[in-house]
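Have a look at the structure below before the remarks.
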Number of protein chains: 2
Amino acid sequence: MARKRITPGKIRLTEVAKLAGVSPITASRFFRNPEALSDGKRARVESAANELGYVPNLAARALASQRTEVIGVLIPSLTNNVFADVLRGIYDALEGSRYSIQLANTRYSILQEERLLRLFLAQKPAGLIVTGINQTADSRAIMETVDCPIVQIMEVGPAPVDMMIGFSHFDAAKAAISHLIVQGYRRIGLLGARMDPRVQRRLDGYRSAMTDAALFDPRLIVTTAVPTSVTLGGTLFADLLAKAPDIDAVFCVNDDIALGALFECKRRHMMVPDQMAIVGFNDLEFMASSEPTLSSVRTNRYEMGRNAAMMVIETLEGRRPAAPVVDLGFSVMERQSSARRT
Amino acid sequence: MARKRITPGKIRLTEVAKLAGVSPITASRFFRNPEALSDGKRARVESAANELGYVPNLAARALASQRTEVIGVLIPSLTNNVFADVLRGIYDALEGSRYSIQLANTRYSILQEERLLRLFLAQKPAGLIVTGINQTADSRAIMETVDCPIVQIMEVGPAPVDMMIGFSHFDAAKAAISHLIVQGYRRIGLLGARMDPRVQRRLDGYRSAMTDAALFDPRLIVTTAVPTSVTLGGTLFADLLAKAPDIDAVFCVNDDIALGALFECKRRHMMVPDQMAIVGFNDLEFMASSEPTLSSVRTNRYEMGRNAAMMVIETLEGRRPAAPVVDLGFSVMERQSSARRT
DNA sequence: CAACGGCTTGGTAGCGCTGTCAATATCAGT
DNA sequence: ACTGATATTGACAGCGCTACCAAGCCGTTG
């Protein structure tokens, strides 16, 4: 015996079609590909939809079409300001489009990332944005078999899964060190925290620049796996000074550490940059207005997020982006904290 | 003529049920309410699902059940560190649960918020977390008619739509000012940016405390609608000094402004706190490690997000939370920047 | 031993939309 | 006028799951 579940008064596509005097499938086309309709029908469906206040049921659409309009985003941290900027770019790019974001936090674990990847892909996302180029072998294999656009963000490297947008952390760090060397600094320390793959590559860039200049000394390096913070920056700087009291500059793998180092200098009444130069990484907003102003490596985080999302959309709309791999570059912002040694 | 669209080799609930030797509906129950099955069937379905690597199709589930397992979250900003902490709490609370997050950014516009609210509710979310208590009348009306749990976060106030968790920005600001007064400061300025409703209430708290102590003077207030930043903090502080050169303390409606003010003091060679006390708001991590350390009002942002999400889940699971309105309080962190006047 | 109630299980249909193909309308070219 | 190509439109079934109701099973009760 049939028990109808028809919900009364609910506005479905059928209702819109009926009011517009067309078949449901025609009304459906209006929402997905309006150009396919004749002018008359298009106008009729549009006004019918407006009159009834129709809102498509996304679950039904997803079920029938076997795909969703959700773009999955995997980032390692919600706290890190760097990703806040990237996210803002992504959300801005998708504003007004039909696509929405499903965000997940890998907590810097590639196993967690793999788990989330499986979870996402099971729901057939329209696209995917993942952080970095260090996925597990299984993650890579999974990503290579799915047929949705995938953008790896935050860095560039060989063998993109699909598309890629970022910059070279190695080159950026190397440029920062070269700047310090040019300014006359020689005993340049490095402070690192978290040590995720991108930070590791900044360390490699540091090592390369120092080695090239015959200045490399492992005692100048202090790192920890602990998550980064301003307070930690102060601690690391103190550790470094204890290990190598003769340093004349310090390169911090991010700006929080740089700020912490600056405060620690102040506590010790060390003059910046006269006794100690400081360079950070990312160029967060406060770097330009501290006292003294802090040098840093500017990275284009907002653009990265925005372009990544746009690359996904373009691909979905059949307009393959010009280049699958985009290097957004960086710029060394030379400020007071690394002024030329006198 | 029928054209079957059956996807070969795809694992649906039917496949799991067949392998387990039960009906599809029994298998379905296993995933939603395993206790309802007998021990034998439960084990059989479980092993069948594992063997086949079955993953439920959420779109089909949503369509059939007329509801989703998505909790909508409306926040005004993605950049603001404050919301990063709240979000982290929300994501942490939902980790491992069946629920997922749909995040949207209102950009501090209640009209945008209303638009997003309609968008969300059309998809029948399982729950909703919205920021603040200043919604449009229409937003309120909409929220009151839907029957999903709703939590308003960031502040507490009268007449919750459903549930509420936060603290009193008025009381928190008032406590900060009282602290300064107790410490011996009299000409206490206020620096404000963005001036969203919560910042406005902090300003009200400031005004109330100053008036109570017969210290209120409108010339001590400098505010702007511009979004907040450290740089802006410096600018506002300079403006305030120009307007009221005799101030001996400054209350900043957030920590970025406080940091900017601190740097501006340093540039002007003003001693903190001897010539100028500074108190911020939110107690971001860096406040405890600056030089001098900066006083601030600690707010429990992570807990706010976490508890809000937990309140939604509890309600969904039929265990109504103990209290619909939770005041998480605050604490004035007294540090060097507001040390007692000597 | 029939009646009852609680627990578990299953059959059926439908959630609202779109893929697939077919049918019709329109139009240019010969 | 006829052919073939293109643009519009429609009919139908099915996407994978769950709500609804019914039915079977069991032990208990008087």
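As the structure is a prediction and not an experimental result, all values here were calculated from the model. So that the names make sense, note that chain A is the first sequence line, chain B the second, and so on, each numbered from 1.
- Taking the side-chain hydrogen bond (donor to acceptor under 3.5 Å, both in side chains) definition, one finds that D162(B) meets it with R320(B), sequence neighbours left out.
- Ion pair R67(B)/D147(B) not flagged as a salt bridge, since none of the NZ, NE, NH1 or NH2 atoms sits closer than 4.0 Å to an Asp/Glu carboxylate oxygen.
- Residue contacts shown for R42(B) are absent, as no nucleic acid heavy atom lies under 4.0 Å away.
- Partners of T26(A) by side-chain hydrogen bond (donor to acceptor under 3.5 Å, both in side chains), not counting sequence neighbours, listed by chain and number: S23(A).
- When each of dC17(D), dG11(C), dT20(C) is scored by its nearest atom to the side-chain atoms of I25(B), the top-ranked nucleotide is dG11(C).
- Of the candidate nucleotides dG10(D), dC15(C), dG10(C), dG10(D) has the atom nearest to the side chain of V22(A).
- Using a 4.0 Å cut-off on heavy atoms, the residues of residues 31-40 of chain B that approach DNA chain D are R32(B), listed by number.
- Under the side-chain hydrogen bond (donor to acceptor under 3.5 Å, both in side chains) criterion, the residue pairs touching residues 127-136 of chain A are E114(A)-T136(A), N134(A)-R201(A), Q135(A)-Q152(A), T136(A)-S139(A), with sequence neighbours excluded.
- The base of dG10(D) is paired with the side chain of R29(A) by a donor and an acceptor separated by under 3.5 Å.
- In this model, the phosphate group of dG10(C) is approached by a side-chain N or O of T26(B) to a distance below 4.0 Å at OP1 or OP2.
- For F167(A), the ring pair (Phe, Tyr, Trp, His ring centres under 6.0 Å) test picks out H169(A), with sequence neighbours left out.
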I'd like a table of donor-acceptor pairs (distance under 3.5 Å, sequence neighbours excluded) in which one partner is a side-chain atom from residues 70-87 of chain B, with atom names and distances.
from, atom 1, to, atom 2, distance (Å)
S77(B), OG, T79(B), N, 3.1
S77(B), OG, N80(B), N, 3.0
T79(B), OG1, R88(A), NE, 3.1
N80(B), OD1, V82(B), N, 3.0
N80(B), ND2, Y108(B), OH, 3.4
D85(B), OD1, R88(B), NH2, 3.4
D85(B), OD2, R301(B), NE, 3.0
D85(B), OD2, R301(B), NH2, 3.0

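- Comparing atom distances between the S65(A) side chain and each of dG19(C), dC17(C), dT9(C) picks out dG19(C) as nearest.
- Remark: Q66(B) is in phosphate contact with dG16(C), judged by side-chain N or O atoms under 4.0 Å from OP1 or OP2.
- Here N307(B) pairs with I165(B), E303(B), M310(B), L328(B) under the side-chain contact (heavy atoms from CB on, under 4.5 Å) rule; sequence neighbours left out.
- Contacts of L316(A) classified as side-chain contact (heavy atoms from CB on, under 4.5 Å), with partners at least two apart in sequence or in another chain: Y99(A), A126(A), P149(A), V312(A).
- Contact check, R67(A) against dC17(C): no side-chain N or O comes under 4.0 Å of OP1 or OP2.
- Residues of residues 53-61 of chain A that place a heavy atom closer than 4.0 Å to DNA chain C, in numerical order, are Y54(A), P56(A), N57(A), A60(A), R61(A).
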